[in-house]
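Report on the structure given below.
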Amino acid sequence: MTQKELPKAYDFHGTEERIYQWWDSQGYFQPTNDPNKPDFDPTKKPFVIAIPPPNVTGGLHLGHAMFVSIEDLMIRYHRMKGEPTLWIPGSDHAGIATQLQVEKALAQEGKTREDIGREAFIERTWSWKKKYGGMIQQQIRRLGASCDWTRERFTLDDGLSRAVREAFVTLYEKGLIYRGPRLVNWSPNLRTAVSDLEVEHSQEPGTLYYFKYPLADNPEEFLPVATTRPETILGDTAVAVHPDDPRYKKYVGRKALVPMLDREIPIIADEYVDREFGTGALKITPAHDPNDYDIAQRHNLDIINILNKDVTINENGGPYQGLDREECRKRLWADMKARGMVIKEEPYTLNVPRSQRGGEIIEPMISEQWFVKIDSIAKKAIDAVRDGDIRIVPDHFTKVYFNWMENIQDWCISRQLWWGHRIPVWYCDDCKGMTVQREDPAQCQHCGSTHIHQDDDVLDTWFSSGLWPFSTLGWPDETPDLKYFYPTSVLETGYDILFFWVARMIMDGLEFTDEAPFHTVYLHGLIRDEHGQKMSKTKGNVIDPLVVMDKLGTDALRFTLLVGSAPGNDMNLSEKKVEANRNFANKIWNAGRFVINAIANAPEKPEREPVWTPADEWLHARMREVVRNVNRLFESYQFGEAGRQIYDFFWSEFADWYIEIAKMQLRESGDRAFYTAWTLVRVLDKCLRMLSPFTPYVTEELWGHLKQAAQAKSELLCPDDPWAEALMIAQWPESKPEEGWEKEAVEKFANATMEHSRAFRTLKTELNIPANQAASGSIIATHEMLPVLEAQKDLIAYSSALKELEILTAVPDAEVYKQFHSSSIAATGSMIYLHTQEAVVDDKLREKLERELSEANSQIQRLENLLASDFANKAPAKVVENERTKLETYRQTAEKLKKQLK
RNA sequence: GGGCGGUUAGCUCAGCUGGUUAGAGCGUUGCGUUGACAUCGCAAAGGUCGUAGGUUCGAGUCCUAUACCGCCCA
């Protein structure tokens, strides 16, 4: 393809898929140093990320787009730095979510999972997985993800299932897993226990019910008690009061009668009771309230469960058996009212536990579950972060992590589901013993009986996710991958799963491999709509990344997500923002077209050594500075800021200034044209390399054309780091130390060409002279600025579209110059004049100059005060010198203005 | 109740270890299209950086208090 054929606008539709497939087919996504291959070099340090496995049957949303963008950015950056890089993709079986989807499909046939049985159900779920499971992986590819797809993993694969079993049995053997009846969070809809983390608490209006708790030995006497959940009265096993409460002291030790059931229960004293709350007397329902459960443990109280698994009342509810919990509450309360046991009801704000998934009210309930004893494991995980083996970015999440880890509770890992890793425990029907094994047993470990059956429950999905960084690499086997790629490098994910997932990986990693599974945790924020609202289907403010990519391109979406966010901070996204970055992609494209065209028209080689223009020097110096900044920012995980620096440099400096000036320099032909083209190629090449991890498609496509055009022209147009097969595997620009000439080159160009051209342009605009209409102008400069301005005279004239430009240090003819429109440049002490035809001293001009003078005067005043203060003694000499120069410049500006206004 | 963030231009947000005229995108206003780009260019308007103290020669940046908003944990 020649440059003539490059379309005027970047066509991402025709580019993205083709480029992705090419990368993939070239094997660029696979690590360059593979421990399974003969030329493997174990001394090279790899960079490894394990993907946060998305739900296998889910569809892509912005959260995925976010983590893919950030991780791909890191992976591409390290790959370009020449490190062997591995990004392991995969997905999660998502027990509850997936099971629900299959159950929903079954329901449409009028069936339940029980109808078809466990085996058939699981089979069905697998075929569901096969059908929909690939979807999200395809969508992740669209985002440009450079994962090694040959190493893709799924939590229910054989290998990973083995890892889960190994983990469970190991913990069991260490005595860190136990089973028992405990109070758990019961999800009535899902009919399973869920972990503390899967419960959200919401403030909701409710009622506080006051009633009489009659004394057993004297039914005329009663204790007033308040509750928010009257139906739990049926499960009360005590009434508690504060030991120091004078109102109730006399009741302690006596018995009360459970309303309607007339069951005798003790009245106890416990300091947990809040005397201020309600009546100061607390009913205790250990089977259905976590605090009551704790009290029951202390006082050895009975624990009476009153609920069935479908949260209807069970046989312990006496006459209320079979009623739903809501219905029971109404009936029981009505019955108590009829008996005169009710005192009052008052409105009260409840703290309602709701399922994170379905939103239904979670019922605390006693049931037989499996738990991981977490204390000792958590301690190691705390130490790892405290000792710096693991660093959390941004830093403030370290505190959040400690806070949670230090108050962690044992983890309920069993789920009453069918889709997942079945608990590897077998019960003997004969001796009742338990067999816990890595391999499915044929007989009881204890009595040898063959009458054994496996535990019905499966493990929490997070149990397998916690093993992810090493299970994906082959653990428990000592595979070459595990040996080389583990521990991984960075774990990147949203802060919302810091506890769910990150903390568990850290605990598991330390427990099973004796190593921190990664050295850095990078947490990104949540994506909200443009006004900071959470996106939700009901609000209708959901942005679908697939739609955005269709409309504006993948690069635009990626760049927006990457540059619009700081680590750990939520980000507000709107299509407008993506649009702005689509424009950026187009800007890159068109700058590229210009450069390619410039190459074509440039000579093949120069006649002599280069003579750089001030613009060339400025651009090279700025480029070097940007490379240093970007490298520094990448190293400190400030990717957004890095992207912004490249964006600004590319658009506001390279495109707006240098390319414009290059047009003039190219027209000079000869060596000037050659070295200008050479500069254009080198700078564009560096920018494309640094942008590649942000916007991989447009940069790859353009770089291909650039390389081709440059190579076709001359070997001499080769950039610093040589051309590579593809941009995505080209060498990353490394920082080079600052050299003496750079600062001066930047300052000179900014002060001369940029400042003066801008001033002329503004003046033209004010005078309604079309920007491209040539006029003549003068600069009255300070003596210091004169040589600099002289050197850039042509550049200034060109950039200001001036037909003629004179540079002087004093006005040659005051009377004439007073007639010209003028303006001062405070930063350089210059005065500029436009030699307009209609010489007018209108009030507006005077006013303007007076305004400039008063501004200059106030600055002079400010600086004089500043320099007369302690500042001059205490501030570093450099800073003081800077201010002195500034003052001098303002003085010169003021002088010139005064003369002009005389 | 404990903890963590945020508060900067009309909107959405940057602003690293404090350095002295606070930036961007979008929006608004004016001008502009025969060659990189109207998915654009040139220019303009717009902010006492939530409030009150403090440290410092110097504070958007550090400290203390406080208000409001949000989140996490209990």
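For the numbers below, each heavy atom of this structure counts, side chains included, while hydrogens, waters and symmetry mates do not. Just so we're on the same page: letters track the sequence lines, and every chain starts at 1.
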Between [N] and [M], how far is it from one [atom1] atom to the other, in whole Å?
| N | M | atom1 | answer |
| --- | --- | --- | --- |
| rG46(B) | rU39(B) | P | 30 Å |
| rU34(B) | rC49(B) | C1' | 47 Å |
| rC63(B) | rC26(B) | P | 35 Å |

*Is a donor-acceptor contact shorter than 3.5 angstrom present between the side chain of Glu660(A) and the base of rA36(B)?*
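Indeed, a donor on one side and an acceptor on the other fall under 3.5 Å apart.
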*Donor-acceptor pair (no angle test) under 3.5 Å: Arg758(A) side chain, rC42(B) base*: no
*Check: Arg558(A) side chain, Gly553(A) main-chain N or O, donor-acceptor pair, under 3.5 Å*: no
Under 4.0 Å between any heavy atoms, over every strand shown, what does [X] touch: base, sugar-phosphate, or nothing? Just pick one.
| X | answer |
| --- | --- |
| Ala655(A) | base |
| Ala580(A) | sugar-phosphate |
| Phe499(A) | sugar-phosphate |
| Glu641(A) | sugar-phosphate |
| Glu883(A) | sugar-phosphate |

Just so I know, are the side chains of [X] and [Y] near enough to count as touching, which here means a heavy-atom distance under 4.5 Å?
| X | Y | value |
| --- | --- | --- |
| Leu561(A) | Leu557(A) | yes |
| Val563(A) | Tyr647(A) | no |
| Glu766(A) | Lys848(A) | yes |

Considering only [options], which nucleotide approaches the side chain of [X] most closely?
| X | options | value |
| --- | --- | --- |
| Lys886(A) | rC4(B), rU39(B), rU20(B) | rU20(B) |
| Asn590(A) | rC37(B), rC73(B), rG70(B) | rC37(B) |
| Val879(A) | rG25(B), rC16(B), rG19(B) | rG19(B) |
| Lys587(A) | rG70(B), rA38(B), rG41(B) | rG41(B) |
| His396(A) | rA43(B), rC4(B), rC26(B) | rC4(B) |
| Asn583(A) | rG25(B), rC40(B), rA36(B) | rC40(B) |
| Lys8(A) | rC37(B), rG70(B), rC26(B) | rC37(B) |

*Closest nucleotide of RNA chain B for Val563(A) versus for Asn403(A): which of these residues is on the 5' side?*
Val563(A)
_Between Trp657(A) and Phe397(A), which residue's closest nucleotide on RNA chain B lies nearer the 5′ terminus?_
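The residue mapped nearer the 5' terminus is Phe397(A).
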Taking only N and O in the side chain of [X], is any of them less than 4.0 Å away from OP1 or OP2 of [N]?
| X | N | result |
| --- | --- | --- |
| Arg761(A) | rA43(B) | yes |
| Trp404(A) | rC4(B) | no |
| Lys663(A) | rA36(B) | yes |
| Lys577(A) | rU12(B) | no |

From [atom1] of [X] over to [atom2] of [N], roughly how many Å is that when rounded to an integer?
| X | N | atom1 | atom2 | value |
| --- | --- | --- | --- | --- |
| Arg593(A) | rG35(B) | CZ | C1' | 9 Å |
| Phe760(A) | rC42(B) | CZ | P | 18 Å |
| Asn768(A) | rG32(B) | CG | P | 9 Å |
| Asp570(A) | rG70(B) | CG | C1' | 9 Å |
| Ile527(A) | rG70(B) | CD1 | P | 21 Å |
| Asn351(A) | rC72(B) | CG | P | 12 Å |
| Asp656(A) | rC42(B) | CG | C1' | 10 Å |
| Asn586(A) | rG25(B) | CG | P | 16 Å |

With a 3.5 Å cut-off and no angle check, do the side chains of [X] and [Y] form a donor-acceptor pair?
| X | Y | value |
| --- | --- | --- |
| Glu755(A) | Thr828(A) | no |
| Asn581(A) | Thr560(A) | yes |
| Asp292(A) | Tyr272(A) | no |
| Tyr658(A) | Asp616(A) | yes |

*Do the two ring centres, one from Phe397(A) and one from Tyr401(A), sit under 6.0 Å apart?*
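Aromatic pair excluded; centres sit 6.0 Å or further apart.
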*Report yes if the distance between the aromatic ring centroids of Phe584(A) and Phe694(A) is under 6.0 Å, otherwise no.*
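No; Phe694(A) has its ring centre 6.0 Å or more from that of Phe584(A).
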_Ring-plane angle category for Phe499(A) and Trp404(A), please: parallel below 30°, perpendicular beyond 60°, tilted otherwise._
parallel
*Just say parallel, tilted or perpendicular for the rings of Phe649(A) and Phe654(A), cut-offs at 30° and 60°.*
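Parallel, since the angle between the ring planes stays under 30°.
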Check the interface with nucleotides 54-60 of chain B: list each N/O to N/O pair with the protein under 3.5 Å, or write none.
| unit_1 | atom_1 | unit_2 | atom_2 | d |
| --- | --- | --- | --- | --- |
| rC57(B) | OP1 | Lys874(A) | NZ | 2.6 |

*Whenever both distances are under 3.5 Å in a Watson-Crick or G-U wobble pair, mark it; put RNA chain B into dot-bracket that way, with [ ] for crossing pairs and | when the partner is on another strand.*
(((((((..((((.....[...)))).(((((.......))))).....(((((..]....)))))))))))).
